Amino acid sequence: MYSKSHVEALYRSAMRKKMDVVTVFVSLSWLLLWLCPLKVSSEMYSSMSRLEKLVAVEEKLVEMSKEFLKEEKHRLQSLESFVETAEQQLQMSMNKSMSLVHHPVGAYLLVKRLSSDWLQQVKSVYQPLTDYVNRYNSEYHGQLPTAEDAHWSAHAILRLQEVYQLDIRNIISGQMELGLKTNDNVSASAEQNALRLKRGDVFEIAKGAYRNNDYSSAIKWLNESLQMMEEEEEPVKNKETPAEGDALQYLGYSLYKMFRSRIGNSISEVESHIRISQQAWLHDKDDEVVARVSRRIGLFTGLNTSPTSTELLQVLNYGLGGQYEPHHDYMTAEEKMWGTILGNRMATFLLYLNGVTAGGATVFPVVNVTVPVVKNAGLLFMDLLRSGRGDENSLHAGCPVVIGSKWIANKWIHEGGNEFRRKCGLNPNE
Ligand SMILES: O=C(O)CCC(=O)C(=O)O
Ligand SMILES: [Fe+2]
């Protein structure tokens with residue numbers, strides 16, 4: 001879990017002291033296109049590009065539903081006029097002195113209505129409904145996010161609120177001011193309305209925090225949801241509604257659990273979502289541009305970046321609230337992943353393939369440095385000391401993306417083949 005005390009405090013102070021970013025202008029936007037047809041098997045929330053595809057899915061759903069509603073209106077109108085006619089005939093049939101049933105045509109019409117017309121009418125209502133449901137189930141199968149996606153999307157809001165200390169009220173009222181460019185065709189207030197959270201959403205987010213054992217966030221969101229319920233309810237009654245009862249129950253449990261965790265000094269075991277992203281690995285031989293990127297990194301760093309000294313180019317897209325918790329890129333002796341020929345990761349070259357509107361900086365908590373996401377910029381840092389020991393100062397994290405889609409590419413340069421390019425020094429601590 002990323003702890004507030006660790007990264008966040010350092011992140012804040014680091015904001016003041018920005019590192020010089022080594023900027024390498026490389027045109028990598030094609031990589032994004034290249035990645036599009038890639039099949040990714042895991043969740044939707046973990047990649048912004050997958051989330052973007054949902055817009056098209058909902059567009060199709062709206063179209064299908066509008067079509068259904070249009071036809072349904074016609075059908076209901078025709079059902080209405082059928083029922084009206086039947087009612088008129090029925091009234092005439094109930095007339096004791098001159099019942100329509102006694103007339104051969106009247107009798108025929110009654111029998112026909114009851115033997116087939118009613119059935120047809122009932123079917124005409126039932127069939128399109130089942131078609132609508134079936135189409136929803138078959139055409140959209142696998143394209144829709146799951147309850148787990150919804151859970152983690154809510155979790156992203158919690159994380160962003162906590163890391164950046166956002167005002168919960170502003171989030172709820174759709175006023176999360178993060179420099180999101182207002183769409184020219186949509187007024188600011190309409191956009192704010194569209195981003196407003198309903199009390200049910202607020203309660204869901206609170207429950208998500210509770211499920212993650214994040215009781216202090218749960219309490220904050222539950223209080224907000226209770227307040228919203230109070231404001232929205234009719235002022236007549238003093239009794240709590242079922243929803244309020246639920247929220248109060250959660251609040252009680254949260255308060256109790258937070259109290260207990262403090263007493264026992266067992267800080268809540270929040271499920272750690274170390275990295276939220278989708279990734280792909282590109283070979284130099286996949287395309288001349290990939291090979292060119294490797295060559296340029298070699299020229300820039302003076303290190304050997306041939307395929308025998310590096311890993312493939314890793315391209316990744318972060319998801320909603322996507323982040324990467326503090327870590328080292330090098331492996332420890334126990335982890336030993338690459339064998340003696342390739343050796344450990346010696347240097348990381350990180351390319352920012354696009355800019356984001358808010359959040360997403362790479363932070364180095366030990367040395368107190370923050371590197372903002374700048375499109376086409378490259379960041380180089382050494383993972384190992386000259387002695388080959390892991391450099392503790394290289395501890396770094398990708399901060400949660402608040403708004404935007406963060407695409408990066410990593411090139412890891414290894415020790416193997418670089419023995420004479422970056423030689424050992426005399427001081428083992430260097
Ligand atoms: O996204 C970032 O800023 C950091 C990424 C990173 O550390 C990694 O991929 O190893
Ligand atoms: Fe890293």
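Remember, predicted model here, so these are calculated numbers, not experimental data. Just so you know, these numbers use all the heavy atoms, side chains as well, and skip hydrogens, waters and symmetry mates. Counting convention: from 1, in listed order, for ligands and their atoms alike.
The side-chain heavy atoms of W412 and F349, taken from C-beta on, include no pair separated by under 4.5 Å. With contacts defined as side-chain heavy-atom distances shorter than 4.5 Å, the pair V293/R296 does not qualify. Proximity of I408 to L351: side-chain heavy atoms (C-beta onward) are nowhere separated by under 4.5 Å. By the 4.5 Å heavy-atom criterion applied to side chains, R292 and E288 are counted as neighbours.
Aromatic ring centroids of F82 and W118 lie under 6.0 Å apart.
Close contacts between ligand 1 and T362 involve ligand atoms 2 (C), 3 (O) [criterion: under 4.0 Å to a heavy atom]. Close contacts of ligand 1 with Y318, meaning ligand atoms under 4.0 Å from a residue heavy atom, involve 1 (O), 2 (C), 4 (C), 5 (C). Close approach of ligand 1 to G398 (heavy-atom distance below 4.0 Å) involves ligand atoms 2 (C), 3 (O). For ligand 1, the atoms closer than 4.0 angstrom to any heavy atom of D329 are 10 (O). Residue contact check: L350 has heavy atoms under 4.0 Å from atoms 4 (C), 5 (C) of ligand 1. Close approach to H327 involves these atoms of ligand 1, each under 4.0 Å from a residue heavy atom: 6 (C), 7 (O), 8 (C), 10 (O). Every atom of ligand 1 with a heavy atom of N410 under 4.0 Å away is listed here by number and element: 8 (C), 9 (O). Within ligand 1, counting atoms from 1 as listed, the ones closer than 4.0 Å to a heavy atom of W412 are 10 (O).
The heavy-atom pair separating P128 from V125 by the smallest distance is CD-O, 3.5 Å.
Angle NE2 (H327) to the Fe ion (ligand 2) to NE2 (H396): 90°, rounded to 10°.
At a 4.0 Å heavy-atom cut-off, ligand 1 does not touch T348 at all.
In this structure, the separation between CG on L303 and CD1 on I297 is 10.5 Å, given to the nearest 0.5 Å.
When you scan the N, O or S atoms of D329 for the one nearest the Fe ion (ligand 2), you land on OD1.
Taking 4.0 Å as the cut-off between side-chain N and carboxylate O, R345 and E415 do not count as a salt-bridged pair.
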